[in-house]
Number of protein chains: 2
Amino acid sequence: MTFQRQQRPATQADVAREVGVSRTLVSFAFRGTSGVSDETRLAIFDAAKRLGYRHNAAAAALASKQRTAVGLYLLDLRNEVFSDVLNGVRLALPQARNRLILSVSRSIGGEDQGALDSLIEARVGIIIAATLLDPDERVRELAQMVPVVSVTRRVEGVDSVYPDDHAGARAAVEHLLGLGHTRIAHLAGPQFDGHTVRREAYEQIMRSAGLTPQTVAASDFTHEAGERAAAELLAGPDRPTAVFTHNDQFALGVREAAYAMGLTIPGDLSLVGYDDSPTARLHGIDLTSVDLHAVELGKIAGSVALERLNDPGAPIADRCITPQLVVRRSTAPSAS
Amino acid sequence: MTFQRQQRPATQADVAREVGVSRTLVSFAFRGTSGVSDETRLAIFDAAKRLGYRHNAAAAALASKQRTAVGLYLLDLRNEVFSDVLNGVRLALPQARNRLILSVSRSIGGEDQGALDSLIEARVGIIIAATLLDPDERVRELAQMVPVVSVTRRVEGVDSVYPDDHAGARAAVEHLLGLGHTRIAHLAGPQFDGHTVRREAYEQIMRSAGLTPQTVAASDFTHEAGERAAAELLAGPDRPTAVFTHNDQFALGVREAAYAMGLTIPGDLSLVGYDDSPTARLHGIDLTSVDLHAVELGKIAGSVALERLNDPGAPIADRCITPQLVVRRSTAPSAS
DNA sequence: GTGAAAGCGCTAACAA
DNA sequence: TTGTTAGCGCTTTCAC
């Protein structure tokens, strides 16, 4: 059983012909512009339905020179943070603005111009990006072509919505210090512009506590990369008694690496993640983590995007959200 | 510090004027069409760069009447199955076809015409949908407007790529039967067209084993809905000793509900999920689950989409993948 | 309340 | 190898 597809999708001209009015009227009717009699409007809708007419958003955007769609760039869909951001963005956007074009990075380990290009070429009106790995300068260049709202990362000169990573890292490290840990390691991500705050805060706080920071960097931001880096870290000499990771994916990687070596958590190793993803909350995982309020970040990003769309000349938005440490059962007093 | 945006984005006409050639040449140069001298081509690229020219995909699609973009409809980003499908699709699509427009449902509990409409109005060439909740008839109507590849669900008359849910459910239930369980409950999703196979298979297999099926249906496909349904199920009389759930999200919900009641897994309750999501594999979760090979489903869907695009008249694809039970530590012999 | 005509940025014959 | 011309489906003055 096959279904024959219409040869040529119906256009406004077809509808106009069917009803016996001009194309203009049809266009007006569909956009709710005043100046169409109710009678005509109804007749148009009726004919449209009969003909299976569908509004062509691309053609409309071209003709009106309006960039109506919102582009959403996400680094990695497997990381729950990004789906939360998406959900937040959607909550903030009104129905009308809900033409969301999503683009997901192909490379979690580095820059990815391709995904952004596709958004630019789709002529979106604004790009909400979580998380850009490109250098600040590149982000600013991008922002000259199309407005950008940077989420989870602050970029000077570009609308930014991000967590106070210094405060977040401080809460995490101080929690571990308070438990008596001294050999606290940090599992960082690859060091891109704007993604070093957690690491720097960790190192600074360790130093002010008179301790030596020990940082290892994973090759990208995935669970797997975290696990590889953790395996090395834990196998090394002077194994840390606690690890603070750049994100929850890494923390899950550390868990797997630790268990694979026969270590227990928090018995042999205390663990603090970052994101407070849904997985962290599961019984059996119970990961202590820094909640960066991803949904909230998304919501704010959405509203910032709307403001920018309405007023291209408005001052740059700089919205910093305070994250919150959520203590669960992956951390315990130091045994030593 | 603000960055001035260009008033009017450069067009091919601007580039042509700059170089002193016709618009056609510029168009040719950008699409790699033969018939442009290397010298001209280079001059064009150079000028384009200088002017900040960006190809306008929307205008190009309009003019060429080609529907180049691929629309991807996903039910729920928080469910790892769907990100896996996305990743699979992307693996299958060649670079050129990688203009992926993603649309995520707003309602995990029911139909969602809005998300599909936005894909239609964006004039995508094909929609890869995972998972459609609409009635079969509606999906077929949709497929008349634009080709559809239905993923994780078989729809008669529409290209479909899906797991053999009967076999998957059988493997799960027989595993539990083999462990000596007799009071095996099933946590089903809301009963939409095409989403009843797992449930029906469960009930049929229970009956052929001379047992009484006990099915409860959650209100949508999320962890939370699963947890609510599970709380009721486990609090009821004649508590089951094993639960087989429609998906892993539900299984995670059952876990939480069980632990909240002081039950242990698999001590008091054996649990089998469906999806074999990354979370299922975590130490501390160790969920026995039916692997439906989501990445593979996505890959096949991508290649089916390409075939359909190349040959609109080809026979309907019907690709059924055999899922695989992965036994972990959430199932144990029945105590009774 | 309605329509005619021009044009959005691009592609696609067809000429030259 | 290059240019000319005519649209794609829609919006938008501006006139009736």
Side-chain angles (χ1 to χ4, degrees), chain A residues 6-44 47-48 51-69 96 99 120-125 145-146, chain B residues 6-44 47-48 51-69 96 99 120-125 145-146:
Chain A
Q6 302 177 255
Q7 311 309 333
R8 191 179 59 82
T11 70
Q12 290 189 340
D14 296 323
V15 177
R17 201 175 307 117
E18 174 87 4
V19 181
V21 294
S22 75
R23 309 227 270 307
T24 315
L25 267 294
V26 179
S27 176
F28 281 5
F30 271 98
R31 284 173 301 140
T33 312
S34 64
V36 187
S37 69
D38 286 353
E39 197 182 2
T40 313
R41 183 187 307 279
L42 252 45
I44 287 173
L51 298 176
Y53 166 76
R54 292 321 224 80
H55 192 246
N56 184 331
L62 179 59
S64 69
K65 313 192 69 167
Q66 300 234 49
R67 303 178 154 14
T68 102
R99 258 171 46 63
I120 294 176
E121 294 180 0
R123 290 297 192 269
V124 296
M145 313 216 60
V146 46
Chain B
Q6 303 175 254
Q7 311 309 333
R8 191 179 60 81
T11 70
Q12 289 190 342
D14 297 322
V15 177
R17 200 175 307 117
E18 174 87 3
V19 181
V21 294
S22 78
R23 310 229 271 309
T24 315
L25 267 293
V26 180
S27 177
F28 279 7
F30 272 98
R31 284 173 302 143
T33 311
S34 65
V36 187
S37 70
D38 286 352
E39 195 183 4
T40 314
R41 183 187 307 278
L42 253 44
I44 287 173
L51 298 176
Y53 166 77
R54 292 320 223 84
H55 191 245
N56 185 332
L62 179 59
S64 68
K65 310 194 70 167
Q66 300 233 49
R67 301 181 158 13
T68 104
R99 259 171 47 62
I120 294 176
E121 293 180 359
R123 290 296 192 268
V124 297
M145 313 215 60
V146 46

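Note that the structure is a prediction, hence the values are computed from the model and not measured. Just so it is clear: chains get the letters A, B, ... in the order the sequence lines come, proteins before strands, and each one is counted from 1.
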Tell me what [X] touches on the nucleic acid: a base, only sugar-phosphate, or nothing, going by heavy atoms under 4.0 Å.
X	result
Thr11(A)	sugar-phosphate
Ser64(A)	sugar-phosphate
Phe30(B)	nothing

Rounding to a whole Å, what distance do you find between [X]:[atom1] and [N]:[atom2]?
X	N	atom1	atom2	value
Gln12(B)	dA12(C)	CD	C1'	12 Å
Glu39(B)	dT1(D)	CD	C1'	11 Å
Ile44(B)	dC10(C)	CD1	P	13 Å

For the pair Ser27(B) and Thr24(B), evaluate side chain to side chain donor-acceptor pair (under 3.5 Å) and give the outcome as yes or no after the intermediate values. CA-CA 5 Å; Ser27(B) 177; Thr24(B) 315; over 6 Å; no
Specify the residue among Arg123(B) and Gly20(B) whose closest nucleotide of DNA chain D lies further upstream toward the 5′ end.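 Nearer the 5' end of the strand: Gly20(B).
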Given DNA chain D, 5'-ward residue of the pair Leu62(B) and Asp38(B), judged by closest heavy atom: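 This one resolves to Asp38(B).
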Using a cut-off of less than 4.0 Å, is there contact between a side-chain N or O of Arg23(A) and OP1 or OP2 of dG3(C)?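 For Arg23(A), the contact criterion (side-chain N or O under 4.0 Å from OP1 or OP2 of dG3(C)) is not met.
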For Thr40(B) and dT2(D), is the shortest distance between a side-chain N/O and OP1 or OP2 below 4.0 Å?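 For dT2(D), OP1/OP2 do have a side-chain N/O of Thr40(B) under 4.0 Å.
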The helix from dG1(C)-dC16(D) to dA16(C)-dT1(D): angle between end helix axes, five pairs per end, rounded to 10 degrees: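 About 30° separates the two local helix axes.
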Ala59(A) side-chain proximity, nearest of dG3(C), dG3(D), dC10(D):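 For the Ala59(A) side chain, the nearest candidate turns out to be dC10(D).
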